[in-house]
A.B. asks: 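Let me begin by handing over the structure; questions about it come next.
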There are 2 protein chains.
Amino acid sequence: MTRTYKSDVSASLHELASDLHEVGLIDKATMRHFDESCLTPIHEFTAEDIRKLREREQVSQTIFAAYLNVSKDSVSQWERGQKQPAGPSLKLLSLVERKGLSSIA
Amino acid sequence: MTRTYKSDVSASLHELASDLHEVGLIDKATMRHFDESCLTPIHEFTAEDIRKLREREQVSQTIFAAYLNVSKDSVSQWERGQKQPAGPSLKLLSLVERKGLSSIA
DNA sequence: CAATATATAGAACTTAGTTCTATATATCAA
DNA sequence: TTGATATATAGAACTAAGTTCTATATATTG
């Protein structure tokens with residue numbers, strides 16, 4: 001199964017870098033840049049994007065909201081372009097986009 | 001590797017329930033209750049909890065913040081009890097707690 | 001010494017996220 | 001048919017999360 005390959009590699013790489021850091025072979029700045037370069041870049045989501053994403057996962061706004069731990073009204077507002085998801089919400093939407101709803105169950 | 005077993009099961013179960021729903025064998029209400037019962041319950045995090053969690057992952061506030069897609073100041077405020085993480089932030093903290101930082105890379 | 005990483009502290013600001021009510025359909029069971 | 005529920009839109013009002021900024025302090029590193 002290749003589905004979790006990426007995160008396992010990330011975990012291993014981080015552990016290696018972390019160990020190298022502890023032993024003093026790489027400094028904190030390098031460690032920081034390493035970590036940040038590992039992070040999947042996060043993009044904006046249009047109202048349309050969000051609705052498509054939710055429909056791809058075949059769930060109602062209520063269920064989608066429950067997965068993200070936000071209110072159903074928030075999801076509704078996102079999909080109508082009345083509110084823009086920010087910070088941590090964008091992160092969760094990115095995770096769902098890349099790894100599916102069940103990855104954040 | 002057992003690390004992703006849980007989410008694979010979740011995915012499969014959701015797909016099965018989803019198919020049963022499409023075929024009309026279970027209604028939307030049941031589908032909703034099914035999905036919500038699948039979600040890992042989310043609890044509050046004290047300032048201490050968050051600091052411990054971050055230290056377990058061996059990263060600075062800055063890096064931790066980058067993973068969650070929040071500002072470093074927010075993490076600092078959480079750890080000092082000045083602000084309480086809410087909704088989507090709590091969800092991300094729960095994911096990190098259960099599956100590790102790399103699971104949300 | 002100078003520069004950077006890390007973390008605390010506090011203040012001011014913006015707006016995301018919540019909650020509430022109302023409206024409208026569709027589905028489903030009695 | 002009727003009543004109850006699921007789903008979704010709409011708008012208003014409120015709270016506080018999250019952001020950004022500045023200042024301070026310490027430790028580390030070139």
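Every chain is numbered from 1 and lettered A, B, ... according to where its sequence line falls, protein lines coming before strand lines.
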A.B. asks: Rounded to whole Å, how long is the line connecting atom NZ of A:Lys83 with atom P of C:dT19?
C.D. replies: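 Distance, rounded to whole Å: 12 Å.
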
A.B. asks: Does B:Ser71 have a side-chain nitrogen or oxygen under 4.0 Å from the phosphate oxygens OP1 or OP2 of D:dT19?
C.D. replies: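 Yes, because at least one side-chain N or O of B:Ser71 sits under 4.0 Å from OP1 or OP2 of D:dT19.
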
A.B. asks: What pairs of residues pass the ring pair (Phe, Tyr, Trp, His ring centres under 6.0 Å) test when at least one of them lies in residues 42-88 of chain A, not counting sequence neighbours?
C.D. replies: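 Counting only pairs at least two positions apart or across chains, the ring pair (Phe, Tyr, Trp, His ring centres under 6.0 Å) contacts touching residues 42-88 of chain A are A:His43-A:Phe45.
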
A.B. asks: Between A:Lys52 and A:Arg56, is any pair of side-chain heavy atoms under 4.5 Å apart?
C.D. replies: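 A:Lys52 vs A:Arg56: side chains apart.
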
A.B. asks: Whole Å only: how far is the CD atom of A:Gln82 from the P atom of C:dT15?
C.D. replies: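 Going from A:Gln82 (CD) to C:dT15 (P), I get 15 Å.
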
A.B. asks: According to a strict under-4.0 Å criterion, is B:Trp78 in side-chain N/O contact with OP1 or OP2 of D:dG18?
C.D. replies: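 So the side-chain polar atoms of B:Trp78 do come within 4.0 Å of the phosphate oxygens OP1 or OP2 of D:dG18, strictly under.
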
A.B. asks: When all nucleic acid strands are considered with a 4.0 Å heavy-atom cut-off, which category describes A:Gln84: base, sugar-phosphate, or nothing?
C.D. replies: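 Sugar-phosphate: the residue A:Gln84, judged by heavy atoms under 4.0 Å, touches backbone atoms but no base.
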
A.B. asks: Taking salt bridge (Lys or Arg N to Asp or Glu O under 4.0 Å) as the cut-off, I'd like each qualifying pair that reaches into residues 60-84 of chain A, sequence neighbours left out, listed once.
C.D. replies: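 Residue pairs with at least one partner in residues 60-84 of chain A: A:Arg51-A:Glu79, A:Arg54-A:Glu79.
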
A.B. asks: Can you check whether B:Ser18 reaches A:Gln58 side chain to side chain, under 4.5 Å on heavy atoms?
C.D. replies: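 Side-chain contact under 4.5 Å: yes.
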
A.B. asks: A side-chain contact here means heavy atoms from C-beta on lying under 4.5 Å apart; do A:Leu93 and A:Val96 qualify?
C.D. replies: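 When only atoms from C-beta onward are counted, A:Val96 and A:Leu93 do not touch, as no gap falls below 4.5 Å.
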
A.B. asks: For the residue pair B:Pro85 and B:Leu90, establish whether any side-chain heavy-atom pair is separated by less than 4.5 Å.
C.D. replies: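 The answer is yes, as the side chains (C-beta and beyond) meet within the 4.5 Å cut-off.
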
A.B. asks: Take the protein atom CD of B:Gln77 and the nucleotide atom P of D:dA16, then report the distance between them rounded to whole Å.
C.D. replies: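 Whole-Å distance recorded here is 15 Å.
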
A.B. asks: Partners of B:Glu44 by salt bridge (charged side-chain N to carboxylate O under 4.0 Å, His left out), sequence neighbours excluded?
C.D. replies: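 Salt bridge (charged side-chain N to carboxylate O under 4.0 Å, His left out) list for B:Glu44, sorted by chain: empty.
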
A.B. asks: Quick one: closest heavy-atom pair of B:Ala105 and A:Leu39, and the distance?
C.D. replies: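 Closest approach of B:Ala105 to A:Leu39: CA-CD2, 3.9 Å.
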
A.B. asks: Angle between the two end axes of the helix from C:dC1-D:dG30 to C:dA30-D:dT1, five base pairs per end, rounded to 10 degrees?
C.D. replies: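 Both end axes considered, the difference amounts to 50°.
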
A.B. asks: Taking the side chain as every heavy atom from C-beta outward, state whether A:Ile63 and A:Ser60 have any atom pair closer than 4.5 Å.
C.D. replies: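 A:Ile63 vs A:Ser60: side chains touch.
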
A.B. asks: Enumerate the residues from residues 86-93 of chain B whose closest heavy atom to DNA chain D is under 4.0 Å, giving them by residue number; use none for an empty result.
C.D. replies: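 Heavy-atom contacts with DNA chain D come from B:Ala86, B:Ser89.
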
A.B. asks: Spell out protein contact along nucleotides 3-8 of chain C as letters: B when the base is contacted, S when just the sugar-phosphate is, - when no protein heavy atom is under 4.0 Å; keep the 5' to 3' order.
C.D. replies: --SSSB

A.B. asks: Specify the closest pair of heavy atoms between A:Lys91 and A:Ile42, including all atoms of both residues, with the distance to one decimal.
C.D. replies: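 Answer, listing the atom of A:Lys91 first, then A:Ile42: CD-CD1, 3.5 Å.
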
A.B. asks: Keeping the roles fixed (side chain from B:Ser74, backbone from B:Val70), state whether a donor-acceptor pair exists under 3.5 Å.
C.D. replies: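 Not at all, since once roles are kept as given, no pair shorter than 3.5 Å links the two residues.
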
